[in-house]
Structures are given as structure tokens and as C-alpha cells.
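Every chain is numbered from 1, with letters handed out A, B, ... down the list of sequences.
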Amino acid sequence: MPELPEAERIRQTLRKRIVGLRVECVTVRRRDMVHGCTTRQAMLQCDCVENILRKGKQLAIVGSTGAAVRVQLGMTGRLFVCSGKDPAAHAKHAHVRWHLSAESNHRGVNTACSSAANGLILVFEDARRFGALHTHTSLCELRKRWRLLGPDALTIRTNALTANLSKTRRAIKTALLDQRVLAGVGNIYADESLFTARIAPRRRANSLSADELKRLAAAIRRTLRAAISAGGSSIRDYVDGQGTPGRYQRQHQVYNRGGRPCTCCGSLLSRALIDQRSTVWCDVCQHCR
DNA sequence: AACACCGCCTGAGCGC
DNA sequence: TGCGCTCAGGCGGTGT
């Protein structure tokens, strides 16, 4: 379940490895995983990787021509580089592969794939297929799409959070998961942030006091930063851009800990479904009013 | 307009 | 050991 910290780790690790490399050829094994135009150009073939961007949980691979492939990782999506010999490049659910090479003077003759076999491969893998790739013809188109998302959670300010939460009476837990309200928080970091901010998940979003909103914005930033530092949370599938799992799951205070003692007060953590999402919280530490 | 809810999809983990 | 069941949940679409 890659959320913002996992996406950011992927961005950081991929940036070091593949920016400046040329895409020799692209293999799309499942066309239904790609939305928008699926021409070679749209998929960045014969383009150079200019940058890796992130907004919320989403990533984008940007080519030097300005074309961009937006990546939604969904539940089980992975985006990583490996050598062509690595079995991971040929895994069952490796839906799209970009064959990369350092050569910048490539011209014409289609020796691309064979010569790239010794080079790096960028792999998009997604067992459950909740993820997707979306192609955009320009950076402008990508930005237009990203404007539909709320502010990025990593740098969320109290004012912006207040503005977006005051509009809704939904449970604060539910509102935090809405990517139009705040981009980047999923089930893990919603529970962790609410615990840190000592706010009960069923509180109506528009009922939070100024002090609570300030605590929440700070808790979100702090939680996400700590998770990034620890390499993200690997519950089951997540690995970063070089295939390394994260360690932040060891620091989870509430997520997946229902019925176990609160790390703060020792009372047993509650668990319930809120808006169809498993939610864990401490009845003692997290205030209902 | 705001919100609730559904369905997509696979594999881990469990009980028997 | 192996089968069948449940659960995990991001997100777009649809219904209320």
C-alpha cells in the first residue's frame, strides 16, 4: 500500500539511478494497465528520462520532450530498476518495462532491445492491478491533472488543512483519505497521524478546534517525514526504486495493532471499520470532543 | 453538492 | 498437504 512516503522513496531512489538515461524500447505486456495514448512516443521510447516527479502518492516519469507517464501504484504497485538478467524484470505481474541505456548518440537501427539486455530495466509491476499508468503529452497536461488533487501532505500547512476540512462533516479519518482534500495520506498514515495528533478518527472534520488542526497538520508532516527517513512501510509488497523494502512498519503506533496495548497509555487499542476502512485508535489518548 | 457505497483484483493467512 | 474462505484497500463510477 504505497502512500506518500513510499512514493517519495521511489522518487528519490529512481532519480539517482535513471535520470539522464535513454529509453531504448518499451515493452507493454498488459495494455489495459496504460490509460491515454499508448504510442511509443507517449511511453517515452527514444526519449531521455529528465526527471521523476511526485504529487501525493502519484509519481511521474518525465521525458526530455516533456511527455510524462503518470504512475498510480494502487495497492500493490511497484516501480523499480533492475538488470535485464534479474528475474524480477520478468516476474508474472511485470506489466511494463522500459529498457534503458546510457548511450546518448543512439541512431536508427533497431538493435535497441538486444543491446539494452545488458542495461538497466525500469519495471512497473502490480499484482492486484489497482494501479495504472497514464500518459500525458506535456508537463502542462500532467500538472492540470495534478491540480485535481489537494495540497501535498508532506508540506501541509494548518491554514490549507483547515480550509479543506472545514467544508466537510465526514469523519476526519474519511476526509484525510480523500485525495482532493489532502494528497498522499492513505490508511496507514491517516491512523498514525490521528494518533500522534490525539484526535479520535470519528470526529467530524469540521468540528476540529484551531489547536487540533494545528496539531494534525504538524502530526501529518512529522509522521510522513519519519516514514520517509525509515524507507517507508513495507507491509507486504512495497519496495523502493532499487528493490529495497522499508522499515517504518516497525514504528507503527496503531496501524494493524488493534487489540494490542497503546504504546502511550497501555490500554487496549480499538479497531473498527470507518467508511469501509480498517481503523485503529486509542480511546484514552485520542479525544472524542 | 455532498456523501455513501460498490467493484475491481490477487495472494497471504487462516481453519479444517 | 491442500482446499476454500476471508481480508487487505486506492480509486473511479454510480446511486442517494
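In this model, no donor atom of one side chain and acceptor atom of the other lie less than 3.5 Å apart for A:Thr76 and A:Asp237.
Note on residues 250-271 of chain A: pairs passing ring pair (Phe, Tyr, Trp, His ring centres under 6.0 Å), not counting sequence neighbours, are A:Tyr248-A:His252, A:His252-A:Tyr255. Sequence neighbours left out, the pairs with a member in residues 188-202 of chain A that pass salt bridge (Lys or Arg N to Asp or Glu O under 4.0 Å) are A:Lys173-A:Asp191.
Taking Ile, Leu, Val, Met, Phe, Trp and Tyr as members and joining any whose side-chain heavy atoms lie under 4.5 Å apart, directly or through other members, the hydrophobic cluster of A:Trp146 also contains A:Leu53, A:Val62, A:Leu139, A:Leu142, A:Leu149. Here A:Val239 is tied to no hydrophobic group at all, with no ILVMFWY side chain closer than 4.5 Å.
Around CD of A:Gln249, the count of heavy atoms belonging to other residues, nucleotides or ligands within 6.0 Å exceeds 12.
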Report task. Go through the steps to decide whether A:Glu6 and A:Arg9 satisfy the test salt bridge (Lys or Arg N to Asp or Glu O under 4.0 Å), and finish with yes or no. Result -> CA-CA 5 Å; A:Glu6 292 75 30; A:Arg9 286 301 291 206; over 6 Å; no
Requested in this report: With salt bridge (Lys or Arg N to Asp or Glu O under 4.0 Å) as the test, would you mind laying out the steps for A:Asp178 and A:Arg170 before giving the verdict?
Outcome: CA-CA 10 Å; A:Asp178 186 337; A:Arg170 286 181 293 172; 2.8 Å; yes
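Between the CD1 atom of A:Ile274 and the C1' atom of B:dC3 there is a distance of 16 Å, rounded to whole Å. C:dC7 atom P lies 14 Å from atom OH of A:Tyr255, rounded to whole Å. Atom CG in A:Leu273 sits about 11 Å away from atom C1' in C:dA8, given to the nearest Å. Look at CG on A:Leu73: it is 12 Å from P on C:dG10, rounded to the nearest Å. The nearest whole Å value for the distance from the NE2 atom in A:His35 to the C1' atom in C:dG13 is 13 Å. Between A:Leu133 atom CG and C:dG12 atom C1' there is a gap of 17 Å when expressed in whole angstrom units. Atom CD of A:Gln58 and atom P of C:dG10 are 13 Å apart (whole Å).
Put simply, the side chain of A:Ser233 never gets that close to the backbone of A:Ile235: no donor and acceptor are under 3.5 Å apart. Checked by atom type and distance alone, the side chain of A:Arg29 pairs as donor or acceptor with a backbone atom of A:Ala94 at under 3.5 Å. Remark: the backbone N or O of A:Gly184 is paired with a side-chain donor or acceptor of A:Gln179 at under 3.5 angstrom. Using modelled atom types, no side-chain atom of A:Gln253 and backbone atom of A:Phe195 make a donor-acceptor pair closer than 3.5 Å.
The stretch residues 178-189 of chain A touches DNA chain C through A:Gln179, A:Asn187, each having a heavy atom within less than 4.0 Å of the strand. Near DNA chain C, defined here as any heavy-atom distance below 4.0 Å, the residues from residues 136-154 of chain A are A:Arg145, listed numerically. Only at 4.0 angstrom or more do the heavy atoms of residues 224-233 of chain A sit from any atom of DNA chain B, so none qualifies.
A:His35 pairs by the ring-ring contact (aromatic ring centres under 6.0 Å, His included) definition with A:His134, not counting sequence neighbours. With sequence neighbours excluded, no residue forms a salt bridge (Lys or Arg N to Asp or Glu O under 4.0 Å) with A:Arg277.
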Report summary line: In B/S/- notation (B base, S sugar-phosphate only, - none; protein heavy atoms under 4.0 Å), nucleotides 4-10 of chain B written 5' to 3' is SSS-BBB
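Contact check, A:Thr168 against B:dC3: a side-chain N or O comes under 4.0 Å of OP1 or OP2. Contact annotation: A:Gln72 reaches the phosphate of C:dC11 (side-chain N/O to OP1 or OP2, under 4.0 Å).
Taking five base pairs at each end of the helix from B:dA2-C:dT16 to B:dC16-C:dG2, the local helix axes there meet at an angle of 40°, rounded to 10°.
A:Arg204 comes within 4.0 angstrom of no nucleic acid atom, judged by non-hydrogen atoms across all strands.
The residue from A:Thr27, A:Leu79, A:Val26 that alone fulfils the side chain to side chain contact (heavy atoms under 4.5 Å, CB included) condition with A:Val96 is A:Val26.
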Output a table of donor-acceptor pairs, distance under 3.5 Å, between side-chain atoms of residues 216-232 of chain A and any protein atom two or more places apart or on a different chain; print 'none' if there are none.
residue	atom	partner	partner atom	Å
A:Arg221	NH1	A:Ile156	O	2.7
A:Thr223	OG1	A:Ala219	O	2.6
A:Ser229	OG	A:Arg225	O	3.1

